[in-house]
Undergrad: 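Submitted below is the structure of interest, expressed as C-alpha coordinates.
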Number of protein chains: 2
Amino acid sequence: MPRPRSLTSDQLATAALAVIDRDGLAGLSMRAVAQEIGMSTMGLYRYVDDRGELEQLVIDRVLDTVDTMPPDKGRPWYERIEIMVERLRHVVSSHPWLVPLIIAHRHRSVAIMRWSEPLAAILAEAGLDGRERVIALRSLLAYVVGAIQLEQLGPLAGAGTQVIADRAELPYLSETARHAHDVTTDEEFRGGLALLLRGIGGSTDAR
Amino acid sequence: MPRPRSLTSDQLATAALAVIDRDGLAGLSMRAVAQEIGMSTMGLYRYVDDRGELEQLVIDRVLDTVDTMPPDKGRPWYERIEIMVERLRHVVSSHPWLVPLIIAHRHRSVAIMRWSEPLAAILAEAGLDGRERVIALRSLLAYVVGAIQLEQLGPLAGAGTQVIADRAELPYLSETARHAHDVTTDEEFRGGLALLLRGIGGSTDAR
DNA sequence: ACCTGAACACCGTTCAAGT
DNA sequence: ACCTGAACACCGTTCAAGT
(Lines give C-alpha, C1' and ligand atoms only; values in the text may rest on other atoms or scores of the structure.)
Protein backbone atom coordinates (compact mmCIF):
# COMPACT_ATOMS: atom_id res chain seq x y z
CA MET A 1 0.00 0.00 0.00
CA PRO A 2 1.68 3.22 -1.21
CA ARG A 3 2.21 5.96 1.31
CA PRO A 4 1.08 9.41 0.18
CA ARG A 5 3.75 11.92 -0.81
CA SER A 6 4.59 14.04 2.14
CA LEU A 7 5.87 17.00 0.11
CA THR A 8 4.87 19.24 -2.76
CA SER A 9 7.34 20.82 -5.18
CA ASP A 10 6.35 24.16 -3.78
CA GLN A 11 7.28 23.16 -0.25
CA LEU A 12 10.62 21.98 -1.58
CA ALA A 13 11.25 25.29 -3.32
CA THR A 14 10.20 27.19 -0.20
CA ALA A 15 12.62 25.21 1.96
CA ALA A 16 15.48 25.80 -0.49
CA LEU A 17 14.69 29.51 -0.57
CA ALA A 18 14.72 29.59 3.24
CA VAL A 19 18.19 28.02 3.24
CA ILE A 20 19.44 30.57 0.70
CA ASP A 21 17.92 33.48 2.61
CA ARG A 22 19.67 32.29 5.77
CA ASP A 23 23.05 31.02 4.53
CA GLY A 24 23.41 32.42 1.03
CA LEU A 25 23.70 30.55 -2.24
CA ALA A 26 26.87 28.86 -0.99
CA GLY A 27 24.83 27.35 1.82
CA LEU A 28 22.45 25.62 -0.59
CA SER A 29 23.01 21.88 -0.59
CA MET A 30 20.86 18.80 -0.76
CA ARG A 31 21.77 18.06 2.85
CA ALA A 32 20.83 21.56 4.04
CA VAL A 33 17.46 21.50 2.27
CA ALA A 34 16.71 18.05 3.62
CA GLN A 35 17.47 19.19 7.14
CA GLU A 36 15.29 22.29 6.64
CA ILE A 37 12.40 20.03 5.71
CA GLY A 38 13.19 17.43 8.35
CA MET A 39 13.77 14.61 5.91
CA SER A 40 16.74 12.48 4.98
CA THR A 41 18.95 13.84 2.23
CA MET A 42 18.09 11.02 -0.13
CA GLY A 43 14.39 11.57 0.39
CA LEU A 44 14.68 14.67 -1.80
CA TYR A 45 15.49 12.46 -4.76
CA ARG A 46 11.89 11.24 -4.75
CA TYR A 47 10.95 14.76 -5.87
CA VAL A 48 13.85 15.94 -8.02
CA ASP A 49 16.26 14.09 -10.29
CA ASP A 50 19.24 16.12 -9.18
CA ARG A 51 20.39 19.38 -7.65
CA GLY A 52 19.81 21.24 -10.91
CA GLU A 53 16.12 20.41 -10.79
CA LEU A 54 15.93 21.75 -7.25
CA GLU A 55 17.53 25.00 -8.43
CA GLN A 56 15.00 25.20 -11.26
CA LEU A 57 12.16 24.86 -8.76
CA VAL A 58 13.54 27.75 -6.74
CA ILE A 59 13.94 30.16 -9.62
CA ASP A 60 10.55 29.24 -11.10
CA ARG A 61 8.97 29.92 -7.75
CA VAL A 62 10.54 33.39 -7.68
CA LEU A 63 9.96 34.28 -11.32
CA ASP A 64 6.34 33.17 -11.07
CA THR A 65 5.74 36.24 -8.93
CA VAL A 66 6.51 38.58 -11.85
CA ASP A 67 3.34 40.31 -13.04
CA THR A 68 2.76 39.34 -16.69
CA MET A 69 -0.42 41.35 -17.21
CA PRO A 70 -0.11 43.49 -20.36
CA PRO A 71 0.19 47.16 -19.38
CA ASP A 72 -2.55 49.64 -20.25
CA LYS A 73 -2.79 50.01 -24.02
CA GLY A 74 -3.30 53.74 -23.70
CA ARG A 75 0.41 54.18 -23.01
CA PRO A 76 3.03 54.43 -25.77
CA TRP A 77 4.70 51.10 -26.66
CA TYR A 78 8.11 52.03 -25.22
CA GLU A 79 6.59 52.93 -21.87
CA ARG A 80 4.81 49.61 -21.79
CA ILE A 81 8.08 47.78 -22.44
CA GLU A 82 9.72 49.76 -19.70
CA ILE A 83 6.96 48.72 -17.31
CA MET A 84 7.41 45.04 -18.19
CA VAL A 85 11.19 45.22 -17.84
CA GLU A 86 11.00 47.01 -14.50
CA ARG A 87 8.67 44.34 -13.15
CA LEU A 88 11.23 41.65 -13.87
CA ARG A 89 14.06 43.74 -12.53
CA HIS A 90 12.18 44.42 -9.33
CA VAL A 91 11.59 40.74 -8.59
CA VAL A 92 15.16 39.72 -9.41
CA SER A 93 16.65 42.58 -7.41
CA SER A 94 14.71 41.54 -4.34
CA HIS A 95 16.53 38.19 -4.46
CA PRO A 96 20.07 39.25 -5.40
CA TRP A 97 21.57 35.99 -4.16
CA LEU A 98 19.60 34.14 -6.78
CA VAL A 99 21.02 36.11 -9.70
CA PRO A 100 23.59 33.45 -10.69
CA LEU A 101 20.90 30.75 -10.52
CA ILE A 102 18.43 32.81 -12.50
CA ILE A 103 21.05 33.43 -15.17
CA ALA A 104 21.92 29.74 -15.39
CA HIS A 105 18.32 28.48 -15.53
CA ARG A 106 16.65 31.41 -17.27
CA HIS A 107 16.25 29.68 -20.61
CA ARG A 108 14.36 26.79 -19.01
CA SER A 109 11.93 29.03 -17.16
CA VAL A 110 8.29 29.03 -18.25
CA ALA A 111 7.78 32.19 -16.20
CA ILE A 112 10.26 34.09 -18.40
CA MET A 113 8.34 32.93 -21.48
CA ARG A 114 5.08 34.20 -20.06
CA TRP A 115 6.79 37.48 -19.26
CA SER A 116 8.14 37.69 -22.81
CA GLU A 117 4.73 37.19 -24.42
CA PRO A 118 3.44 40.76 -23.81
CA LEU A 119 6.83 42.07 -24.93
CA ALA A 120 6.50 40.28 -28.26
CA ALA A 121 2.94 41.59 -28.61
CA ILE A 122 3.97 45.17 -27.90
CA LEU A 123 6.83 45.00 -30.41
CA ALA A 124 4.46 43.64 -33.05
CA GLU A 125 2.05 46.45 -32.33
CA ALA A 126 4.88 48.97 -32.62
CA GLY A 127 5.19 47.90 -36.24
CA LEU A 128 8.27 45.65 -36.19
CA ASP A 129 8.22 42.78 -38.66
CA GLY A 130 9.22 39.20 -37.72
CA ARG A 131 12.95 39.60 -38.18
CA GLU A 132 13.07 42.97 -36.45
CA ARG A 133 11.01 41.56 -33.60
CA VAL A 134 13.41 38.66 -33.08
CA ILE A 135 16.35 41.03 -32.86
CA ALA A 136 14.57 43.58 -30.67
CA LEU A 137 13.30 40.94 -28.24
CA ARG A 138 16.67 39.22 -27.94
CA SER A 139 18.50 42.52 -27.49
CA LEU A 140 16.08 43.55 -24.75
CA LEU A 141 16.65 40.21 -23.02
CA ALA A 142 20.41 40.58 -23.42
CA TYR A 143 20.32 44.08 -21.97
CA VAL A 144 18.16 43.08 -19.02
CA VAL A 145 20.25 40.02 -18.19
CA GLY A 146 23.51 41.95 -18.48
CA ALA A 147 22.35 45.10 -16.71
CA ILE A 148 20.96 43.21 -13.73
CA GLN A 149 24.28 41.42 -13.35
CA LEU A 150 26.27 44.63 -13.61
CA GLU A 151 24.00 46.16 -11.02
CA GLN A 152 24.45 43.24 -8.59
CA LEU A 153 28.05 42.17 -9.18
CA GLY A 154 29.78 45.39 -10.13
CA PRO A 155 27.61 48.30 -9.06
CA LEU A 156 28.42 51.74 -10.41
CA ALA A 157 28.49 53.05 -6.84
CA GLY A 158 30.84 50.26 -5.69
CA ALA A 159 34.54 50.10 -4.90
CA GLY A 160 35.45 49.06 -8.44
CA THR A 161 34.43 52.43 -9.84
CA GLN A 162 36.80 54.24 -7.47
CA VAL A 163 39.64 51.91 -8.49
CA ILE A 164 39.05 52.82 -12.12
CA ALA A 165 38.81 56.54 -11.33
CA ASP A 166 42.33 56.38 -9.86
CA ARG A 167 43.95 54.69 -12.88
CA ALA A 168 45.96 57.49 -14.47
CA GLU A 169 47.08 55.30 -17.37
CA LEU A 170 43.45 55.00 -18.52
CA PRO A 171 42.58 58.70 -18.80
CA TYR A 172 39.24 58.53 -20.62
CA LEU A 173 37.92 55.62 -18.60
CA SER A 174 38.91 57.11 -15.25
CA GLU A 175 37.51 60.50 -16.25
CA THR A 176 34.23 58.79 -17.08
CA ALA A 177 34.30 56.89 -13.78
CA ARG A 178 34.54 60.19 -11.94
CA HIS A 179 31.09 61.07 -13.29
CA ALA A 180 29.60 57.84 -11.93
CA HIS A 181 28.27 59.43 -8.73
CA ASP A 182 26.03 61.66 -10.84
CA VAL A 183 24.07 58.56 -11.87
CA THR A 184 21.84 56.51 -9.56
CA THR A 185 21.25 52.79 -10.04
CA ASP A 186 17.78 53.49 -11.40
CA GLU A 187 18.98 56.20 -13.76
CA GLU A 188 21.68 53.89 -15.07
CA PHE A 189 19.31 51.02 -15.73
CA ARG A 190 16.54 53.15 -17.23
CA GLY A 191 19.00 55.31 -19.13
CA GLY A 192 20.51 52.33 -20.92
CA LEU A 193 17.07 50.88 -21.58
CA ALA A 194 15.94 54.22 -23.01
CA LEU A 195 18.89 54.18 -25.42
CA LEU A 196 17.97 50.71 -26.62
CA LEU A 197 14.28 51.61 -26.94
CA ARG A 198 15.16 54.73 -28.93
CA GLY A 199 17.19 52.53 -31.28
CA ILE A 200 14.28 50.12 -31.63
CA GLY A 201 11.86 52.98 -32.22
CA GLY A 202 14.06 54.33 -34.99
CA SER A 203 13.28 51.28 -37.08
CA THR A 204 9.54 51.92 -37.03
CA ASP A 205 7.27 54.83 -37.84
CA ALA A 206 5.53 54.35 -34.50
CA ARG A 207 8.16 56.40 -32.74
CA MET B 1 68.75 28.92 1.70
CA PRO B 2 65.51 29.68 -0.22
CA ARG B 3 64.73 27.53 -3.19
CA PRO B 4 63.74 29.45 -6.31
CA ARG B 5 60.08 29.46 -7.27
CA SER B 6 59.46 26.69 -9.73
CA LEU B 7 56.36 28.25 -11.31
CA THR B 8 55.15 31.50 -12.81
CA SER B 9 51.55 32.71 -12.62
CA ASP B 10 51.37 32.27 -16.34
CA GLN B 11 52.32 28.59 -16.15
CA LEU B 12 49.63 28.17 -13.53
CA ALA B 13 47.01 29.81 -15.74
CA THR B 14 48.13 27.71 -18.70
CA ALA B 15 47.81 24.49 -16.71
CA ALA B 16 44.33 25.46 -15.50
CA LEU B 17 43.27 26.26 -19.07
CA ALA B 18 44.58 22.88 -20.22
CA VAL B 19 42.42 21.19 -17.58
CA ILE B 20 39.36 23.16 -18.67
CA ASP B 21 39.96 22.44 -22.35
CA ARG B 22 40.19 18.75 -21.56
CA ASP B 23 37.55 18.21 -18.87
CA GLY B 24 35.39 21.32 -18.96
CA LEU B 25 34.83 23.88 -16.25
CA ALA B 26 33.43 21.16 -13.99
CA GLY B 27 36.81 19.41 -14.19
CA LEU B 28 38.65 22.42 -12.81
CA SER B 29 39.88 21.74 -9.28
CA MET B 30 42.97 22.51 -7.28
CA ARG B 31 43.83 18.82 -7.36
CA ALA B 32 43.45 18.58 -11.14
CA VAL B 33 45.61 21.64 -11.79
CA ALA B 34 48.27 20.40 -9.37
CA GLN B 35 48.37 17.07 -11.16
CA GLU B 36 48.58 18.82 -14.53
CA ILE B 37 51.64 20.68 -13.28
CA GLY B 38 53.11 17.71 -11.45
CA MET B 39 53.04 19.30 -8.03
CA SER B 40 51.22 18.56 -4.82
CA THR B 41 47.82 20.17 -4.43
CA MET B 42 48.96 22.33 -1.57
CA GLY B 43 51.92 23.59 -3.54
CA LEU B 44 49.51 25.76 -5.53
CA TYR B 45 48.78 27.75 -2.42
CA ARG B 46 52.28 29.22 -2.62
CA TYR B 47 51.06 31.00 -5.75
CA VAL B 48 47.41 31.77 -5.13
CA ASP B 49 45.46 32.48 -1.96
CA ASP B 50 42.50 30.40 -3.01
CA ARG B 51 40.64 28.90 -5.93
CA GLY B 52 39.13 32.27 -6.84
CA GLU B 53 42.55 33.71 -7.47
CA LEU B 54 43.36 30.79 -9.77
CA GLU B 55 40.18 31.50 -11.72
CA GLN B 56 41.14 35.16 -11.97
CA LEU B 57 44.52 34.17 -13.43
CA VAL B 58 42.81 32.09 -16.09
CA ILE B 59 40.38 34.73 -17.23
CA ASP B 60 43.04 37.47 -17.19
CA ARG B 61 45.23 35.27 -19.35
CA VAL B 62 42.41 34.90 -21.90
CA LEU B 63 41.18 38.50 -21.81
CA ASP B 64 44.74 39.78 -22.20
CA THR B 65 44.61 38.49 -25.78
CA VAL B 66 41.89 41.01 -26.71
CA ASP B 67 43.29 43.68 -29.01
CA THR B 68 42.91 47.06 -27.27
CA MET B 69 44.44 49.21 -30.03
CA PRO B 70 42.07 52.09 -30.88
CA PRO B 71 40.53 51.50 -34.32
CA ASP B 72 41.37 53.82 -37.25
CA LYS B 73 40.04 57.31 -36.53
CA GLY B 74 38.91 57.69 -40.11
CA ARG B 75 35.93 55.47 -39.39
CA PRO B 76 32.68 56.77 -37.85
CA TRP B 77 32.47 56.40 -34.06
CA TYR B 78 29.78 53.71 -34.08
CA GLU B 79 31.82 51.52 -36.43
CA ARG B 80 34.80 51.86 -34.13
CA ILE B 81 32.72 50.77 -31.15
CA GLU B 82 31.44 47.84 -33.14
CA ILE B 83 35.03 46.83 -33.91
CA MET B 84 36.00 46.96 -30.23
CA VAL B 85 32.95 45.00 -29.14
CA GLU B 86 33.49 42.32 -31.78
CA ARG B 87 37.08 41.86 -30.65
CA LEU B 88 35.93 41.05 -27.13
CA ARG B 89 33.14 38.83 -28.36
CA HIS B 90 35.52 36.91 -30.60
CA VAL B 91 37.92 36.10 -27.76
CA VAL B 92 35.16 35.12 -25.33
CA SER B 93 33.35 33.01 -27.94
CA SER B 94 36.51 31.03 -28.61
CA HIS B 95 36.48 29.93 -24.95
CA PRO B 96 32.77 29.29 -24.33
CA TRP B 97 33.45 27.14 -21.28
CA LEU B 98 34.96 30.15 -19.57
CA VAL B 99 31.87 32.33 -19.96
CA PRO B 100 30.62 31.77 -16.39
CA LEU B 101 34.08 32.51 -15.01
CA ILE B 102 34.46 35.61 -17.13
CA ILE B 103 31.09 36.88 -15.95
CA ALA B 104 31.97 36.26 -12.31
CA HIS B 105 35.44 37.85 -12.44
CA ARG B 106 34.86 40.47 -15.11
CA HIS B 107 34.79 43.41 -12.72
CA ARG B 108 38.21 42.50 -11.33
CA SER B 109 39.86 42.21 -14.74
CA VAL B 110 42.44 44.79 -15.72
CA ALA B 111 42.16 43.56 -19.30
CA ILE B 112 38.51 44.63 -19.44
CA MET B 113 39.50 48.08 -18.18
CA ARG B 114 42.12 48.43 -20.90
CA TRP B 115 39.53 47.33 -23.44
CA SER B 116 37.06 49.89 -22.08
CA GLU B 117 39.51 52.79 -22.38
CA PRO B 118 39.17 53.24 -26.18
CA LEU B 119 35.40 52.86 -25.81
CA ALA B 120 35.29 55.76 -23.34
CA ALA B 121 37.50 57.80 -25.67
CA ILE B 122 35.30 57.13 -28.69
CA LEU B 123 32.15 58.06 -26.77
CA ALA B 124 33.76 61.31 -25.62
CA GLU B 125 34.72 62.07 -29.20
CA ALA B 126 31.16 61.36 -30.32
CA GLY B 127 30.11 64.29 -28.17
CA LEU B 128 28.62 62.61 -25.12
CA ASP B 129 29.06 64.49 -21.85
CA GLY B 130 30.20 62.81 -18.61
CA ARG B 131 26.80 61.60 -17.48
CA GLU B 132 25.79 60.39 -20.94
CA ARG B 133 29.13 58.63 -21.28
CA VAL B 134 28.65 56.75 -18.01
CA ILE B 135 25.25 55.51 -19.12
CA ALA B 136 26.35 54.67 -22.67
CA LEU B 137 29.43 52.77 -21.51
CA ARG B 138 27.55 50.79 -18.88
CA SER B 139 24.73 49.97 -21.29
CA LEU B 140 27.23 48.74 -23.87
CA LEU B 141 28.87 46.56 -21.22
CA ALA B 142 25.49 45.27 -20.08
CA TYR B 143 24.50 44.43 -23.65
CA VAL B 144 27.78 42.67 -24.42
CA VAL B 145 27.74 40.63 -21.20
CA GLY B 146 24.10 39.67 -21.66
CA ALA B 147 24.26 38.98 -25.38
CA ILE B 148 27.31 36.72 -25.09
CA GLN B 149 25.51 34.71 -22.44
CA LEU B 150 22.35 34.42 -24.48
CA GLU B 151 24.45 33.31 -27.42
CA GLN B 152 26.25 30.64 -25.39
CA LEU B 153 23.57 29.42 -22.98
CA GLY B 154 20.37 29.88 -24.94
CA PRO B 155 21.25 30.25 -28.61
CA LEU B 156 18.55 31.46 -30.98
CA ALA B 157 19.18 28.41 -33.16
CA GLY B 158 18.93 26.04 -30.18
CA ALA B 159 16.26 23.65 -28.97
CA GLY B 160 14.71 26.25 -26.67
CA THR B 161 13.53 28.34 -29.60
CA GLN B 162 11.62 25.37 -31.06
CA VAL B 163 9.99 24.74 -27.69
CA ILE B 164 8.75 28.32 -27.65
CA ALA B 165 7.57 28.16 -31.25
CA ASP B 166 5.27 25.25 -30.29
CA ARG B 167 3.61 27.00 -27.34
CA ALA B 168 0.16 27.84 -28.64
CA GLU B 169 -0.83 29.65 -25.44
CA LEU B 170 1.88 32.25 -26.11
CA PRO B 171 0.84 33.33 -29.62
CA TYR B 172 3.01 36.41 -30.11
CA LEU B 173 6.11 34.89 -28.59
CA SER B 174 5.83 31.65 -30.58
CA GLU B 175 5.09 33.55 -33.77
CA THR B 176 8.25 35.55 -33.18
CA ALA B 177 10.23 32.38 -32.44
CA ARG B 178 9.21 31.02 -35.83
CA HIS B 179 11.15 33.87 -37.43
CA ALA B 180 14.30 32.97 -35.51
CA HIS B 181 15.82 30.93 -38.32
CA ASP B 182 15.92 34.05 -40.47
CA VAL B 183 18.55 35.50 -38.13
CA THR B 184 22.11 34.20 -37.79
CA THR B 185 24.09 34.46 -34.56
CA ASP B 186 26.14 37.30 -36.01
CA GLU B 187 23.09 39.16 -37.30
CA GLU B 188 21.45 38.83 -33.91
CA PHE B 189 24.45 40.16 -32.01
CA ARG B 190 25.22 42.98 -34.42
CA GLY B 191 21.57 43.81 -34.91
CA GLY B 192 21.04 44.36 -31.20
CA LEU B 193 24.27 46.33 -30.94
CA ALA B 194 23.18 48.49 -33.89
CA LEU B 195 19.93 49.30 -32.09
CA LEU B 196 21.81 50.38 -28.99
CA LEU B 197 24.30 52.41 -31.00
CA ARG B 198 21.48 54.14 -32.85
CA GLY B 199 19.98 55.05 -29.50
CA ILE B 200 23.32 56.39 -28.29
CA GLY B 201 23.78 58.32 -31.51
CA GLY B 202 20.40 59.94 -31.09
CA SER B 203 21.64 61.78 -28.01
CA THR B 204 24.47 63.48 -29.92
CA ASP B 205 24.71 65.65 -33.02
CA ALA B 206 27.50 63.39 -34.29
CA ARG B 207 25.00 60.95 -35.71
C1' DA C 1 5.75 3.71 -3.12
C1' DC C 2 8.19 6.24 0.02
C1' DC C 3 12.01 6.98 2.83
C1' DT C 4 16.55 5.97 5.21
C1' DG C 5 21.67 5.32 6.19
C1' DA C 6 25.95 3.81 4.76
C1' DA C 7 29.19 4.31 1.34
C1' DC C 8 31.77 6.25 -2.76
C1' DA C 9 34.15 9.52 -5.08
C1' DC C 10 34.91 13.78 -4.98
C1' DC C 11 35.74 19.07 -3.18
C1' DG C 12 38.70 23.46 -0.88
C1' DT C 13 41.52 24.39 2.74
C1' DT C 14 44.23 24.03 7.47
C1' DC C 15 48.02 22.44 9.72
C1' DA C 16 52.29 20.24 11.01
C1' DA C 17 56.20 18.48 9.08
C1' DG C 18 60.04 17.87 5.85
C1' DT C 19 64.18 19.84 2.96
C1' DA D 1 61.28 29.71 1.39
C1' DC D 2 59.27 26.12 -0.92
C1' DC D 3 56.81 22.00 -1.02
C1' DT D 4 54.40 17.73 0.83
C1' DG D 5 50.83 14.51 2.94
C1' DA D 6 47.50 13.70 6.27
C1' DA D 7 43.40 15.34 7.96
C1' DC D 8 38.96 18.07 8.36
C1' DA D 9 34.69 19.40 7.01
C1' DC D 10 32.20 19.43 3.45
C1' DC D 11 29.80 18.05 -1.45
C1' DG D 12 26.24 15.15 -4.99
C1' DT D 13 24.80 10.79 -5.86
C1' DT D 14 24.45 5.33 -5.97
C1' DC D 15 22.87 1.48 -3.84
C1' DA D 16 20.81 -1.85 -0.74
C1' DA D 17 17.68 -2.10 2.81
C1' DG D 18 13.62 -1.06 5.63
C1' DT D 19 8.34 -0.13 6.11
Side-chain angles (χ1 to χ4, degrees), chain A residues 1-61 97-98 100-105 108, chain B residues 1-61 97-98 100-105 108:
Chain A
M1 189 149 83
R3 275 195 263 171
R5 292 193 150 219
S6 66
L7 276 158
T8 64
S9 295
D10 199 62
Q11 283 175 294
L12 230 168
T14 304
L17 210 54
V19 170
I20 293 171
D21 283 342
R22 187 172 0 94
D23 303 320
L25 190 55
L28 182 68
S29 70
M30 299 303 275
R31 282 168 172 88
V33 173
Q35 195 172 23
E36 180 76 23
I37 293 174
M39 182 187 250
S40 79
T41 305
M42 293 318 300
L44 299 182
Y45 287 84
R46 288 283 123 200
Y47 300 90
V48 291
D49 275 349
D50 52 29
R51 183 198 158 113
E53 213 170 294
L54 177 66
E55 291 177 355
Q56 186 73 57
L57 284 181
V58 175
I59 73 116
D60 276 338
R61 193 195 194 293
W97 280 358
L98 290 182
L101 283 193
I102 290 170
I103 298 305
H105 293 274
R108 275 183 293 269
Chain B
M1 189 151 81
R3 276 195 261 171
R5 291 194 151 219
S6 67
L7 277 159
T8 64
S9 295
D10 199 63
Q11 283 175 292
L12 230 169
T14 304
L17 252 177
V19 170
I20 293 170
D21 284 341
R22 187 171 1 95
D23 303 321
L25 190 56
L28 182 68
S29 70
M30 301 302 275
R31 283 167 172 88
V33 173
Q35 195 172 23
E36 180 75 24
I37 293 174
M39 183 186 248
S40 77
T41 304
M42 294 318 300
L44 299 182
Y45 287 85
R46 288 284 124 199
Y47 301 90
V48 291
D49 275 349
D50 52 29
R51 184 198 157 111
E53 212 169 294
L54 176 66
E55 292 177 355
Q56 186 73 56
L57 284 180
V58 175
I59 73 115
D60 277 338
R61 194 195 192 291
W97 281 0
L98 290 182
L101 283 193
I102 291 171
I103 298 306
H105 294 274
R108 276 182 293 269

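Chain identifiers are assigned alphabetically (A, B, ...) following the order of the sequence lines, protein sequences preceding nucleic acid strands; residue numbering begins at 1 within each chain.
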Undergrad: Whole-Å distance between C/dC11 C1' and A/Leu28 CG?
TA: 16 Å
Undergrad: Does D/dC2 have a Watson-Crick or wobble partner in any strand here, with both distances under 3.5 angstrom, and which is it?
TA: C/dG18
Undergrad: Please find the pair of heavy atoms, one from A/Leu17 and one from A/Arg61, that lie closest to each other, and give the distance.
TA: CD2-CD, 4.4 Å
Undergrad: Just N and O in the side chain of B/Tyr47: are any of them under 4.0 Å from OP1 or OP2 of D/dC3?
TA: yes
Undergrad: Distance check needed: C/dA1 C1' versus A/Leu7 CG, whole Å only.
TA: 14 Å
Undergrad: Just to confirm, is there a sub-4.0 Å distance from OP1 or OP2 of D/dC3 to any side-chain nitrogen or oxygen of B/Ser6?
TA: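 True: B/Ser6 side-chain N/O within range (under 4.0 Å) of D/dC3 OP1/OP2.
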Undergrad: When we call it a touch if two heavy atoms are under 4.0 Å apart, what does A/Arg51 touch: a base, just sugar-phosphate, or nothing?
TA: sugar-phosphate
Undergrad: Picking from D/dT4, C/dT4, D/dC11, which would you name as closest to the side chain of A/Met39?
TA: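 Within the option list, the nearest is C/dT4.
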Undergrad: To the nearest Å, give me how far apart OH (A/Tyr45) and P (D/dC15) are.
TA: 13 Å
Undergrad: Could you state the atom-to-atom distance from CG of A/Leu44 to P of D/dT14 in whole Å?
TA: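 Between P of D/dT14 and CG of A/Leu44: 14 Å.
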Undergrad: Does any nucleotide pair with C/dG12 by Watson-Crick or G-U wobble geometry, both distances under 3.5 Å, and what is it?
TA: D/dC8
Undergrad: Output yes when at least one side-chain N/O atom of A/Ser29 is less than 4.0 Å from OP1 or OP2 of D/dC11, else no.
TA: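 For D/dC11, OP1 or OP2 has a side-chain N or O of A/Ser29 closer than 4.0 Å.
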Undergrad: Select one nucleotide: of D/dT13, C/dC3, C/dT13, the one nearest the side-chain heavy atoms of B/Asp50.
TA: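 From the listed options, C/dT13 comes nearest.
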Undergrad: Could you check how far CE of A/Met42 sits from P of C/dA1, rounded to whole Å?
TA: 18 Å
